Amino acid sequence: MIAVRRLTYTYPQRTSPALRGVTWDVAEGEFVLVAGPSGSGKSTLLRCLNGLVPHFSGGVLAGQVSVAGLDAVKAGPRVLSRHVGFVAQDPEAQAVLDRVEGEIAFALENAAVPPDEMRRRVEEVLDLLDLTPLRDRRLHTLSGGERQRLAIAAALALRPRVLVLDEPTSQLDPQSAEDVLRALVRLNDDLGLTIVLAEHRLERIVRYADRLTYLDAGRVVVDGPVRAVLPRLPVAPPLVQLAGALDWQPTPLTVKEARPFAAALAGVAGVPLSAPVAPAPSTASPVLAVTDLRFSYNGHATLKNVSFTIAAGEAVALVGRNGSGKSTLLKCGVGVLRGQSGEVRVNGRPTRGRDVADICREVGYLSQNPDDLLFADTVADEVRATLRNHGLALPPDEVAAQLARLGPVSYTHLTLPTSDLV
């Protein structure tokens, strides 16, 4: 289904290739997991499969890419869209219309699918990805995870032969991620859909994939059946690392498969497990205090009398299902959203009546989509723009020192839009 031969690709204004001599095959009906560190070339390889590279990105490409018998470079995205469904990392980048049902139908309308068939397909993918209750919702009211499921539904509506997904579970809670992956498995098993999926959280995917391809610095360094190649990865899931350290064979991919090994080990060790000790309550003054906070979108309550405090020096994990209000709560904390009632205090001062720029002097905020916060053309200019907007200034050598401390010093003069920088 997919044949890549000696593929080398370099982005515009870059001197080093993002892909280097990649030769790679995917059989029809295979479920292939593509892994590797950030910047290894995963997203670039996936975008070669539907013609976005090089037709959208530009740059220099050498080698051959064939998908469903078509030359991907000659055919381009317009032709390949009928054969390759693509789901990008950022679901907002793929959205065209403002309502869920219309967004799913958009590609079908452009493909001149008859109305009756269009309705059947829309109903099918709404049900498949549990989007039926959201069919009339506006996209701006959806959570990040809900938008991700919608992007997958829109890609499936055209019934492509190949489905390519770039980190499709990155914004989903564990249960929603499991639901999406099971849906993909059904499509793979029942319809023979070829699936290529890039993901960092390997423990979520390995049980479902037939094969794993690991990229590093633009090259395929490991490729083969999942169970065989997982122990060879530089960073394997914790369960696989444990299995390797204790020489469990065959390598377990799930907790269920590991239980017999663990039971035998526990019988030999004879060491009782103790319950974790709860941390002592912090006595430090709260840096963030939320009291009876309520927030609604168009009359739909998202936060209902939320109260909590976070003390100086604490690291707090905020968890919950998609749509449970996590992002809304964080936005209220920095003043991007204002609750209808209740209070948010930062370092003892209420946020109500204060500008977001003023609050951001005390609260650093990172959204799900980093592009929301990037405005300048280079990394160094981005840092200077933030300082300038807050009336601050640092000499160039101190800006360079800050970047070096955080890691991206080698990118100070590179443009931001390439995905590996984000």
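Just so it is clear, the model here is predicted, and its values are computed rather than measured. Heads up: numbering here begins at 1 and tracks the sequence.
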Handout entry: pair Val334-Cys360: side-chain heavy atoms closer than 4.5 Å
Key = yes
Exercise for the section: Verify, without hydrogens or angle tests, whether Arg345 (side chain) and Gly348 (backbone) share a donor-acceptor contact under 3.5 angstrom. Expected result: yes
Exercise for the section: Would you indicate whether the side-chain heavy atoms of Ile2 and Val65 approach each other to under 4.5 Å? Expected result: no
Handout entry: Phe308 atom CZ: more than 12 heavy-atom contacts under 6.0 Å
Key = yes
Exercise for the section: Determine, for Glu117 against Arg121, whether the closest basic-nitrogen to carboxylate-oxygen distance falls under 4.0 angstrom. Expected result: yes
Exercise for the section: Taking only Lys NZ, Arg NE, NH1 and NH2, and the carboxylate oxygens of Asp or Glu, determine whether Arg186 and Asp190 approach each other closer than 4.0 Å. Expected result: no
Handout entry: Check: Asp292 and Val306 side chains under 4.5 Å, non-hydrogen atoms
Key = no
Problem - Over all atoms of both residues, closest heavy-atom pair of Pro237 and Leu202 - result: CG-CB, 3.7 Å
Problem - Check ion pair Glu123-Arg135 (N to O, under 4.0 angstrom) - result: yes
Practice task
Inspect the contact between Arg354 and Glu362 and indicate whether a charged nitrogen and a carboxylate oxygen are less than 4.0 angstrom apart.
Solution key: yes
Handout entry: Min side-chain heavy-atom separation Leu337-Thr328 under 4.5 Å
Key = yes
Handout entry: Between CG on residue Leu61 and NE2 on residue His55, distance to nearest 0.5 Å
Key = 9.0 Å
Practice task
Verify, without hydrogens or angle tests, whether Arg137 (side chain) and Val100 (backbone) share a donor-acceptor contact under 3.5 angstrom.
Solution key: no
Problem - Main-chain N/O of Leu156 paired to Arg159 side chain as donor or acceptor, under 3.5 Å - result: no
Exercise for the section: Calculate, to the nearest 0.5 Å, the distance between atoms CD and CD1 belonging to Glu124 and Ile104 respectively. Expected result: 11.0 Å
Exercise for the section: Report yes if the side chains of Thr309 and Val290 come closer than 4.5 Å at any heavy-atom pair, otherwise no. Expected result: no
Problem - Main-chain N/O of Thr302 paired with Arg294 side-chain donor or acceptor, under 3.5 Å - result: no
Handout entry: Under-4.0 Å salt bridge between Arg384 and Glu382
Key = no
Exercise for the section: For residues Val226 and Leu33, determine if any side-chain heavy atom of one lies less than 4.5 Å from a side-chain heavy atom of the other. Expected result: no
Practice task
Flag yes if more than 12 heavy atoms outside Asn298 fall under 6.0 Å of its CG atom; otherwise flag no.
Solution key: no
Problem - Heavy-atom donor-acceptor pair, Arg20 side chain to Arg219 backbone, under 3.5 Å - result: no
Practice task
Give a yes or no on this: more than 12 heavy atoms of other residues, nucleotides or ligands lie within 6.0 Å of atom CZ of Arg82.
Solution key: no
Practice task
Could you grab the distance from atom CD1 of Ile152 to atom OG1 of Thr169, nearest 0.5 Å is fine?
Solution key: 8.5 Å
Exercise for the section: Mind running side-chain contact (heavy atoms from CB on, under 4.5 Å) on Leu293 and Asn305 for me, showing each step along the way? Expected result: CA-CA 5 Å; Leu293 182 64; Asn305 298 104; over 6 Å; no
Problem - Backbone of Glu30 reached by a side-chain donor or acceptor of Arg211 within 3.5 Å - result: no
Exercise for the section: Please determine if Glu101 and Arg119 form a salt bridge, counting it only when a charged side-chain N lies under 4.0 Å from a carboxylate O. Expected result: no
Fill in the blank from the handout: For Leu129 and Ala183, the nearest pair of non-hydrogen atoms, with its separation, is CD2-CB, 4.3 Å
Exercise for the section: Could you check Val32 against Thr194 for side-chain contact (heavy atoms from CB on, under 4.5 Å), going step by step and ending with a plain yes or no? Expected result: CA-CA 8 Å; Val32 179; Thr194 304; over 6 Å; no
Exercise for the section: Determine, step by step, whether Glu199 and Arg204 satisfy the salt bridge (charged side-chain N to carboxylate O under 4.0 Å, His left out) criterion, reporting the C-alpha distance in whole Å, the side-chain angles of both residues, the deciding distance to 0.1 Å, and the verdict. Expected result: CA-CA 9 Å; Glu199 184 60 76; Arg204 285 183 173 179; 5.4 Å; no
Handout entry: Arg14-Thr10 side chain donor-acceptor pair, cut-off 3.5 Å
Key = no
Problem - Heavy-atom pair of closest approach, residues Ala198 and Leu46 - result: CB-CD2, 3.7 Å
Problem - Arg232 side-chain N/O to Val222 backbone N/O, donor-acceptor pair under 3.5 Å - result: no
Problem - Test side-chain contact (heavy atoms from CB on, under 4.5 Å) applied to Thr8 and Val22, step by step - result: CA-CA 7 Å; Thr8 297; Val22 173; over 6 Å; no
Handout entry: Inter-residue atom distance Asn188.CG - Leu193.CG, 0.5 Å rounding
Key = 7.0 Å
Fill in the blank from the handout: Rounded to the nearest 0.5 Å, the CG atom of Leu184 sits from the CZ atom of Phe31 at a distance of 5.5 Å
Exercise for the section: Considering only NZ, NE, NH1 and NH2 on the basic side and carboxylate oxygens on the acidic side, decide whether Arg352 and Glu343 come within less than 4.0 Å. Expected result: no
Handout entry: Asn389 side chain to Ala385 backbone, donor-acceptor under 3.5 Å
Key = yes
Handout entry: Check: Ala301 main-chain N/O paired with Gln340 side-chain donor or acceptor under 3.5 Å
Key = no
Fill in the blank from the handout: Minimal heavy-atom distance between Leu49 and Val164, with the atoms involved, is CD1-CG2, 4.0 Å
Handout entry: Salt-bridge contact Lys42-Asp166 (side-chain N to carboxylate O under 4.0 Å)
Key = no
Problem - Non-hydrogen atoms of Leu239 and Ala258 that approach each other most closely - result: CD1-CB, 3.6 Å
Exercise for the section: For residues 193-226, pull every pair meeting ring-ring contact (aromatic ring centres under 6.0 Å, His included), keeping only residues two or more places apart or in separate chains. Expected result: none
Handout entry: Distance-minimising heavy-atom pair for Phe106 and Asn110
Key = O-ND2, 2.8 Å
Problem - Close side-chain approach of Cys332 to Phe295, heavy-atom, < 4.5 Å - result: yes
Exercise for the section: Return yes if a side-chain donor-acceptor contact under 3.5 Å exists between Asp223 and Thr213, otherwise no. Expected result: yes
Handout entry: Test side-chain contact (heavy atoms from CB on, under 4.5 Å) applied to Ser57 and Tyr9, step by step
Key = CA-CA 11 Å; Ser57 59; Tyr9 172 74; 2.8 Å; yes
Handout entry: Beyond-backbone contact of Val196 with Leu165, side-chain heavy atoms, under 4.5 angstrom
Key = no
Handout entry: Short side-chain to backbone donor-acceptor contact, Asn50 and Leu52, under 3.5 Å
Key = yes
Practice task
Assess the side chains of Arg207 and Thr254: does a donor N or O sit below 3.5 Å from an acceptor N or O?
Solution key: no
Problem - CG-CG distance between Leu131 and Leu126, expressed to the nearest 0.5 angstrom - result: 6.0 Å
Problem - Electrostatic pair Arg99-Glu103, nearest N-O below 4.0 angstrom - result: no
